[in-house]
Amino acid sequence: MIMTTVFISYSWDSDLHKERIKRFVEYLRRHGMEVIFDGDARPGELLPDFMEKGIRGSDYVLMCFTPTYKRKADGRLKRETGGVVYESTIITGEIYSRNNQYKFIPILFDGTWESSTP
């Protein structure tokens, strides 16, 4: 049986939010999905490499939107740095180069669609 592989894209809003993401990951794994998220990165592993391989190699990318996610993703235009900034750049490239927008699934974790969607 082939498992569906999903990559979790989220922002480090707070310890509470990171805990919610961990519970979400555990839920998906219990229901038969292979989940890639930064909590599984090996010590010393370069996060940009981890993120790029995870996004490109997964069947789907679940984007866990919050107002902080939006602020960080939109910040790439202002030369901000960080995980969400890097991921959103890869995601944008994947959508345009491969014309595969169906791979990227938004999930509203906090806020409204307007306040949380990049």
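Please read these numbers as outputs of a predicted model, since none were measured by experiment. We count residues from 1, following the sequence as given.
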Separation of E34 CD from T4 OG1 (nearest 0.5 Å):
9.5 Å
Taking only distance into account, with no hydrogens and no angle test, what donor-acceptor pairs under 3.5 Å do side-chain atoms of residues 15-22 form with protein atoms, sequence neighbours excluded?
{"unit_1": "R20", "atom_1": "NH2", "unit_2": "F109", "atom_2": "O", "d": "2.7"}

Distance (rounded to the nearest 0.5 Å) between T117 OG1 and M63 CE
8.5 Å
S14: side-chain hydrogen bond (donor to acceptor under 3.5 Å, both in side chains) partners, not counting sequence neighbours
none
Please examine the side chains of P67 and D110, heavy atoms only from C-beta on, and report whether any two atoms are closer than 4.5 Å.
yes
Nearest-0.5 Å distance, CD1 of residue I107 to CG of residue L62
4.5 Å
Taking every heavy atom of M3 against every heavy atom of M33, the minimum-distance pair comes out as CE-C, 3.4 Å
With rounding to the nearest 0.5 angstrom, report the CZ to CG distance, R30 to L28.
9.0 Å
Of all heavy-atom pairs linking L108 and G111, the shortest is CD2-O, 3.6 Å
Trace of the side chain to side chain contact (heavy atoms under 4.5 Å, CB included) decision for I105 with V6
CA-CA 10 Å; I105 301 170; V6 297; over 6 Å; no
With a 4.5 Å limit on heavy-atom distance, are the side chains of M51 and S9 in contact?
no
My understanding is that only residues two or more places apart in sequence, or in another chain, count here; which of them pass side-chain hydrogen bond (donor to acceptor under 3.5 Å, both in side chains) with D38?
Y10, W12
Work out which heavy atom in V35 is nearest to a heavy atom in D40; give both atom names and the distance.
O-OD2, 3.8 Å
With F65, which residues qualify under ring pair (Phe, Tyr, Trp, His ring centres under 6.0 Å), at least two apart?
Y69
Between R56 and K103, which heavy-atom pair has the shortest distance, and what is it?
O-NZ, 3.3 Å
Within the 4.5 Å heavy-atom criterion, are I8 and C64 side-chain neighbours or not?
yes
Pairing residues for Y27 by the ring pair (Phe, Tyr, Trp, His ring centres under 6.0 Å) criterion, not counting sequence neighbours
H31
Once side chain to side chain contact (heavy atoms under 4.5 Å, CB included) is applied, do any residues pair with I36, and if so which ones, sequence neighbours excluded?
T5, F7, F50
Closest non-hydrogen contact found for K72 with S11 is CD-CB, 4.1 Å
